[in-house]
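Okay, structure first, notes after.
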Number of protein chains: 2
Amino acid sequence: MRKGEETRTRILDVAEAAVLQKGFGGTSIEELIAETGITKSGFFYHFKDKNELAKALLNRYIENDERIYDEIFSRARDLMDDPLQSFLLGLKLLSELLSDLPNGHPGCLVATVCYYERLFDREIQETNRNAVLAWRRRFGRMLREIMEVYPPREPVDVDQLADMVSSVLEGGIVLSKTLKEPNTLAEQVLMLRTFVRLLFLPAVEQPLAVVRQHQVFGAAAGGQP
Amino acid sequence: MRKGEETRTRILDVAEAAVLQKGFGGTSIEELIAETGITKSGFFYHFKDKNELAKALLNRYIENDERIYDEIFSRARDLMDDPLQSFLLGLKLLSELLSDLPNGHPGCLVATVCYYERLFDREIQETNRNAVLAWRRRFGRMLREIMEVYPPREPVDVDQLADMVSSVLEGGIVLSKTLKEPNTLAEQVLMLRTFVRLLFLPAVEQPLAVVRQHQVFGAAAGGQP
DNA sequence: CCCCTCCTGTACCGGCGGTACAGTTTCGAA
DNA sequence: TTCGAAACTGTACCGCCGGTACAGGAGGGG
């Protein structure tokens, strides 16, 4: 059982990198077995077909993704009591994590599946859909907490605002990869952070001196781009 | 020359729909010739290989995309003198156009190419990159005009803000397709519109009655979701 | 009438996804 | 120490697909 898991993981590692660069249709099983140093029979011992490889790949990717978000935002929650400041810090930490990736973000498997949908079965499509819905719930939960303290300056639907986090991430990845500008993604996250700050931080009605103080406080919470 | 163009266009139409659903790697030439009712030799008469099909597909897509943006934002410019109101109206018109698509947005070829990059030649990757840079210039131009009149409430890089429009569109398409919720994309565009309005409309320092008036004015420019 | 555009038809190649199945190594539990 | 399951290897094969090569034909304009 031990060695089997190890080989399986190695296949998944190689497959993930390949699929993110070339899509599922562009990734051949033969190239995967060549790179992992396994035989074709060995491959099909672990995954009965390409669809099952995709299933395992997607599930693993989503789990890992969730783990990263858990870590970042729970750390931000530990450092900041205020839900807004905590969320803003979380976005800051996320953007730092993204800009620390040496070759830029490798791509999102959810998007890859999205642009390949018709060749997968319902189960994979459902898994993918549920991953996006989980993002919506995650960010929605945090935004609702914020809204209990800070009335938004403009009326917004909380689910749509939560989706905006996912949108900017997915879109930022596409831009970053296409432009070959690794930093674009991190910048987009910070731009989203500006939006959230603007939306929830109370409108300033005091003279300039006090305004400054307010702004410094807001910036100190997570730094300024 | 006449009939040739017609057949070529028919191939591109069929190919575009297929590629947006299944990616390039997932789309076989054989299925394209079956659907267009042409022979294999006929196909290779028009496109010497799959790469050249992709090139033609991408160029046509980008041209069409640019045309749509030209139309929408020049129409908005005709209806509104103020650059901010004109941009906000443009986003409103765009979101209406997107929510009128009967089956939702079919997907963006730029994103498809982005997630297939390694199997294309440099020329296609450059074309794709230039398309995104063109978006940046387009929205950046409009945003700079706005900034000459309205100082932003928070300091923002204009290129990054312009990229945010592309991000939200690309990300919104991924979400919309994955969730199978056609309206999500249009909602995301409206959410972006809220951000732009918040960022540029002057901070309110008057009593509540006047605040209301301001908000109604802002909403009247393009309506509220 | 000829030539050019726009195809069709046929034959073939190698790569790939997938199947089938027999045999082998490895390693822990009984 | 043996047994058996897990984790593979090796070989052979199928049909689809991308791509090549090349011969030929319809149809319309000069």
Side-chain angles (χ1 to χ4, degrees), chain A residues 1-58 60 112-113 115-121 123-124, chain B residues 1-58 60 112-113 115-121 123-124:
Chain A
M1 194 74 94
R2 202 63 222 267
K3 188 150 173 258
E5 284 297 308
E6 198 185 288
T7 306
R8 204 184 133 95
T9 302
R10 228 170 61 243
I11 296 173
L12 287 174
D13 288 342
V14 172
E16 185 171 315
V19 165
L20 286 175
Q21 284 191 344
K22 298 173 291 190
F24 280 98
T27 301
S28 73
I29 292 177
E30 314 243 345
E31 89 182 75
L32 298 182
I33 67 178
E35 201 162 336
T36 48
I38 212 177
T39 60
K40 209 180 211 183
S41 318
F43 175 88
F44 284 108
Y45 171 77
H46 288 286
F47 307 98
K48 76 167 210 275
D49 56 20
K50 225 182 176 184
N51 200 74
E52 196 150 295
L53 171 69
K55 217 174 284 182
L57 222 47
L58 183 60
R60 196 182 73 145
T112 304
V113 169
Y115 275 105
Y116 196 65
E117 57 175 330
R118 284 281 165 215
L119 292 192
F120 286 133
D121 57 25
E123 190 187 338
I124 289 194
Chain B
M1 193 72 95
R2 201 61 222 270
K3 188 151 173 256
E5 283 297 308
E6 197 185 289
T7 305
R8 205 183 132 95
T9 302
R10 228 168 61 241
I11 296 174
L12 287 173
D13 288 341
V14 171
E16 186 172 314
V19 165
L20 286 175
Q21 284 190 343
K22 298 174 290 190
F24 279 97
T27 301
S28 73
I29 293 177
E30 313 242 346
E31 89 183 73
L32 297 182
I33 67 178
E35 200 162 337
T36 48
I38 212 178
T39 61
K40 210 181 213 184
S41 318
F43 175 89
F44 284 108
Y45 170 76
H46 288 287
F47 308 97
K48 77 167 208 276
D49 55 22
K50 223 181 176 185
N51 200 73
E52 196 149 295
L53 171 69
K55 217 174 283 180
L57 222 47
L58 184 61
R60 197 182 71 145
T112 303
V113 169
Y115 275 106
Y116 195 67
E117 58 176 329
R118 284 281 164 216
L119 293 191
F120 286 133
D121 58 25
E123 191 188 337
I124 289 194

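A, B, ... follow the sequence lines: proteins, then strands. Residue 1 opens every chain. These numbers come from a predicted model, not from an experiment.
Put simply, A/His46 has no side-chain N or O that comes within less than 4.0 Å of OP1 or OP2 on D/dA7. Here B/Thr7 reaches the OP1 or OP2 of C/dC7: one of its side-chain N or O atoms lies under 4.0 Å away. For A/Tyr45, a side-chain nitrogen or oxygen approaches OP1 or OP2 of D/dA7 to under 4.0 Å.
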Original post:
Can you check salt bridge (Lys or Arg N to Asp or Glu O under 4.0 Å) on A/Glu35 and A/Arg10, steps first, answer last?
Top reply: CA-CA 10 Å; A/Glu35 201 162 336; A/Arg10 228 170 61 243; over 6 Å; no
**OP:** Show your reasoning for whether ring pair (Phe, Tyr, Trp, His ring centres under 6.0 Å) applies to A/Phe120 and A/Phe24.
**Re:** CA-CA 10 Å; A/Phe120 286 133; A/Phe24 280 98; 4.8 Å; yes
**OP:** Could you check B/Arg60 against B/Asp13 for salt bridge (Lys or Arg N to Asp or Glu O under 4.0 Å), going step by step and ending with a plain yes or no?
**Re:** CA-CA 10 Å; B/Arg60 197 182 71 145; B/Asp13 288 341; 2.9 Å; yes
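C/dG9 atom C1' lies 15 Å from atom CZ of B/Phe44, rounded to whole Å. Residue A/Lys48 contributes atom NZ, which lies 13 Å from atom P of C/dA20 at whole-angstrom precision. Rounded to whole Å, the distance from CD1 on A/Ile29 to P on C/dC16 is 11 Å. Rounded to whole Å, the distance from NZ on B/Lys40 to P on D/dC22 is 17 Å. In this structure, B/Glu35 places its CD atom 14 Å from P of D/dC17, rounding to the nearest Å. Rounded to an integer number of Å, the gap from B/Leu53 CG to D/dC17 C1' is 15 Å. Rounded to whole Å, the distance from CZ on A/Phe43 to C1' on C/dG18 is 11 Å. To the nearest angstrom, C1' of D/dC17 lies 12 Å from CG of B/Leu32.
Between the side chain of A/Glu31 and the backbone N or O of A/Ser28, at least one donor-acceptor pair lies under 3.5 Å.
Considering only side-chain atoms of B/Glu30, the nucleotide from D/dC17, D/dT11, C/dG18 that sits closest is D/dC17. Closest to the B/Ser28 side chain, of the nucleotides C/dG18, D/dC17, D/dG19, is D/dC17. Counting only heavy atoms from C-beta on, B/Thr39 has its side chain closest to C/dG9 among D/dG18, D/dT9, C/dG9. Each of C/dT10, C/dC7, C/dG18 was ranked by its minimum atom distance to the side chain of B/Ile38; first place goes to C/dC7.
Ranked by how close their nearest DNA chain C nucleotide is to the 5' end, A/Ser41 and A/Gly25 are led by A/Gly25.
For the atom pair CZ (B/Phe44) and NZ (B/Lys50), the distance works out to 9.5 Å, reported to the nearest 0.5 Å.
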